Amino acid sequence: MLLAGRRGQGTYSEAGGGGNPNGWRDIFLFVHSLGSLPFANSYARLHPAFYEVVDPTPIPAPYLVAFNPAAADLIDLDQKEGATPALLEYLGGARRLPGSEPIAQIYAGHQFGVWVPQLGDGRAILLGEVTDPAGDSWDLQLKGAGQTRFSRRGDGRSVLRSAIREYLASEALHGLGIPTTRALAIVGSDLPVYRERPETAATLLRMAPSHVRFGTFQLFASRGQEDRVRELADYVLARHFPALGTAPERYRHFFGEVCRRTARLMARWMAAGFAHGVMNTDNMSILGITLDYGPYGFLDQYDAGFICNHTDTEGRYAFDQQPMVGMWNCARLGEALFSLLTPEEAQAELDSYWKAFGAENAGLMRAKLGLVTEAPDDGALVRDLLALLQIDGSDFTKFFRGLGSLRSIGTGAAWEAWAGRYTARLRAEGSDDRDRERRMNRANPKFILRNWIAQEAIERAERKDFGLIEELRRLFA
């Protein structure tokens, strides 16, 4: 299909004259139907040890819950496809998307610090990757698509509740500028699925530049299959890190880049008050993007020890532990790469983690405070602020949003002392209140995905009212 004048959906444009005062001709863009998506399926070209070939298991009587036009634009998919019966057939598992080669990926991982020698996609199936004319590619993965040989006695299904939570969270984090998977659509069914209570089934079409995890490397390293580790590393380098070339040190540089990306991701989670909840190594992306939304949560009242996962009885993945866990997970990836780089090389790259985290965290917190320059005491100013928020139990998001107009600073001697230091810091860099407030409003969201909001959307959806899901998606965009 050929359309004119739709920006953000394709990539082709042509400079020229004509009546356009900006000197640009109309933009002509190709968009695809679901049946004409240009699949590449590069992961399915790897050794068969990396996956199981498996088709989705259909869900009965599928119906549309949500469709994300912004995600559709990323793969040049016609937004009208969200209203077609074909979408229900493809995402409900009744028909294979033309050109796709469905597979379930195998991996291993440390779960809550305990080594599990084999895991894999037990309820998700990678359909393949779609590449746009600019060369950007997105894996399309159907979650809740039925059992695979990695299901480990599970039913292979997702429930409507978890599909909605991932759909909303991935769009909320994207809106906050945090690297993340995206969600194209949710398809529901009245098929009963039993968790802690009877629920209904749903599938979620998730998109990511890659679904390769730390645990993918760990699996083959643990089996002593060095040729498979190298094959996977070369695949990832060619597809995602082509600038590293073919030099012998490329594996070291790759590991270092993963460490730094992970560190920056942790800093962004912390600045947004986001807790992932299940930072197992099999849930860590080699691209430094947020992957696998389980029992996540945003801070309401500030609590450094906030635990969003009720199964995390020891607080391993508590909010304030995330930076350290990110580094620990990177160390486990480094060990899995010892056939490609020496322990000394791995340690040298791992050492860059904290520098990257510190720089990113400092920059984000300065932005949240409206500061445009660096000063030696900024770290202490932030630490002391967080300590006061902890004591008062202040709402993390509301505090920083209100700080732009200096409304939210608390009362008492300790707060007055901190406010004096903060205002003196602003004066020292010649801060203009109006400009500062505008900057702070860009850095500090007015809305976040609070658990009660997500729960309300879920409860309405269980009554077949899907309007709030779309309202929230638009709000977070």
Side-chain angles (χ1 to χ4, degrees), residues 37-47 49-52 71 74-75 100-109 119-121 124-132 134-143 145 150 166 170 173-174 178-184 204-221 228-244 250-251 253-266 268 276 279-293 326 329-330 332-334 336-337 340:
L37 288 171
F39 278 98
N41 306 311
S42 63
Y43 203 85
R45 305 283 84 80
L46 295 176
H47 191 279
F50 286 96
Y51 53 82
E52 176 200 15
L74 295 173
I75 55 174
S100 67
E101 297 182 30
I103 57 175
Q105 296 171 296
I106 189 173
Y107 41 84
L119 298 164
D121 292 332
I125 293 176
L126 177 65
L127 304 179
E129 80 255 17
V130 173
T131 303
D132 68 18
D136 297 325
S137 68
W138 290 86
D139 282 2
L140 271 57
Q141 186 188 68
L142 191 62
K143 296 191 66 176
F150 311 125
E166 176 158 351
S170 59
L173 261 64
H174 173 71
I178 299 174
T180 176
T181 57
R182 304 294 299 276
L184 177 67
L204 172 81
L205 189 66
R206 178 168 77 181
M207 298 165 45
S210 175
H211 284 88
V212 177
R213 309 146 186 274
F214 290 14
T216 319
F217 285 95
Q218 287 183 288
L219 177 106
F220 296 102
R228 299 281 83 87
V229 174
R230 182 179 294 273
E231 180 182 1
L232 181 62
D234 288 342
Y235 168 80
V236 169
L237 283 161
R239 184 176 171 196
H240 302 294
F241 300 89
L244 296 181
R250 65 190 182 279
Y251 302 118
H253 294 160
F254 157 65
F255 175 59
E257 182 63 19
V258 175
C259 291
R260 293 183 287 275
R261 289 189 185 197
T262 303
R264 290 191 289 267
L265 178 66
M266 296 301 103
R268 288 183 176 272
H276 184 277
M279 290 180 61
N280 300 329
T281 57
D282 56 291
N283 292 338
M284 299 294 292
S285 163
I286 51 90
L287 298 183
I289 64 175
T290 311
L291 182 69
D292 288 341
Y293 291 89
N329 288 345
C330 285
R332 304 291 77 75
L333 173 62
L337 297 174
L340 303 177

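Everything numeric in this text was worked out from a predicted model, so none of it was measured. The basis for the numbers below is simple: all heavy atoms, side chains too, and nothing from hydrogens, waters or symmetry mates.
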### Message
What I'd like to find out is whether the side chain of L337 reaches to under 4.5 Å of the side chain of Y251, using heavy atoms alone.
### Response
no
### A336 to A221 - nearest heavy-atom pair and separation
O-CB, 3.4 Å
### Message
Measuring from atom CG of L173 to atom CD1 of I289, what distance do you get when rounded to the nearest 0.5 angstrom?
### Response
11.5 Å
#### Entry: Closest heavy-atom pair and its distance - I125, A145
CD1-CB, 3.8 Å
### Task
For P242 and A238, work out which heavy atoms get closest and say how close.
CB-O, 4.0 Å
### Query
Does the side chain of L205 reach to within under 4.5 Å of the side chain of L127, using non-hydrogen atoms?
yes
### Task
Tell me, please, which residues at least two apart from E166 pass salt bridge (charged side-chain N to carboxylate O under 4.0 Å, His left out).
K143, R206
### Query
M279 versus M266: any side-chain heavy-atom pair under 4.5 Å?
yes
### Interatomic distance, I178 atom CD1 to L265 atom CG [nearest 0.5 angstrom]
7.5 Å
### Task
Return yes if some donor-acceptor pair links the side-chain N/O of H211 with the main-chain N/O of L291 below 3.5 Å, else return no.
no
### Query
For T290, what residues pass the side-chain hydrogen bond (donor to acceptor under 3.5 Å, both in side chains) criterion, not counting sequence neighbours?
W269
### Query
Are side-chain heavy atoms of P38 and V130 found at a separation under 4.5 Å?
yes
## Note on the structure
Residues at least two apart in sequence or cross-chain that pass salt bridge (charged side-chain N to carboxylate O under 4.0 Å, His left out) with D139, listed by chain then number, are R239
### Task
Return the minimal non-hydrogen interatomic distance between H240 and P209, and the atom names on each side.
CE1-O, 3.1 Å
### 4.5 Å side-chain heavy-atom contact, L140 and L184
no
## Note on the structure
Residues at least two apart in sequence or cross-chain that pass side-chain contact (heavy atoms from CB on, under 4.5 Å) with A49, listed by chain then number, are H47, F220, R228
### Heavy-atom closest contact (A124 atom, A104 atom, distance)
O-CB, 4.2 Å
#### Entry: Parallel, tilted or perpendicular: rings of F254 and F217 (30°, 60°)
tilted
### Query
What distance do C330 atom SG and R261 atom CZ have between them, rounded to the nearest 0.5 Å?
12.0 Å
### Task
Please list, chain by chain and in numerical order, all residues satisfying salt bridge (charged side-chain N to carboxylate O under 4.0 Å, His left out) with E52, sequence neighbours excluded.
none
### Query
Is any NZ, NE, NH1 or NH2 atom of the basic residue among R45 and E231 found under 4.0 Å from an Asp or Glu carboxylate oxygen of the other?
no
### Task
Could you tell me the separation between the CE atom of M207 and the CD atom of E129, rounded to the nearest 0.5 Å?
12.5 Å
### Task
Would you indicate whether the side-chain heavy atoms of L126 and Y51 approach each other to under 4.5 Å?
no
### Query
Within a strict 4.5 Å, meaning less than it, do heavy atoms of the L287 and F241 side chains meet?
yes
#### Entry: Side-chain (S100) to main-chain (P102) donor-acceptor, under 3.5 angstrom
no
## Note on the structure
Minimal heavy-atom distance between L340 and A233, with the atoms involved, is CD1-CB, 3.6 Å
### Message
Would I286 and F255 count as a side chain to side chain contact (heavy atoms under 4.5 Å, CB included) here? Give the steps.
### Response
CA-CA 9 Å; I286 51 90; F255 175 59; over 6 Å; no
### Task
Test side-chain hydrogen bond (donor to acceptor under 3.5 Å, both in side chains) on Y235 and S42 and set out the steps.
CA-CA 9 Å; Y235 168 80; S42 63; 2.8 Å; yes
### Summary
When rounded to the nearest 0.5 Å, the distance separating CD of Q141 from OG1 of T181 is 9.0 Å
### Query
Is there a side-chain contact between I103 and F50 (heavy atoms, below 4.5 Å)?
no
#### Entry: Candidate pair L333 and M284, rule side chain to side chain contact (heavy atoms under 4.5 Å, CB included), full reasoning
CA-CA 10 Å; L333 173 62; M284 299 294 292; over 6 Å; no
### Message
Return the CZ to CG distance between R213 and L219, rounded to the nearest 0.5 Å.
### Response
12.5 Å
### Query
For T281, which residues count as a side-chain contact (heavy atoms from CB on, under 4.5 Å) partner, sequence neighbours excluded?
H110, F214, Q218, W328, N329, R332
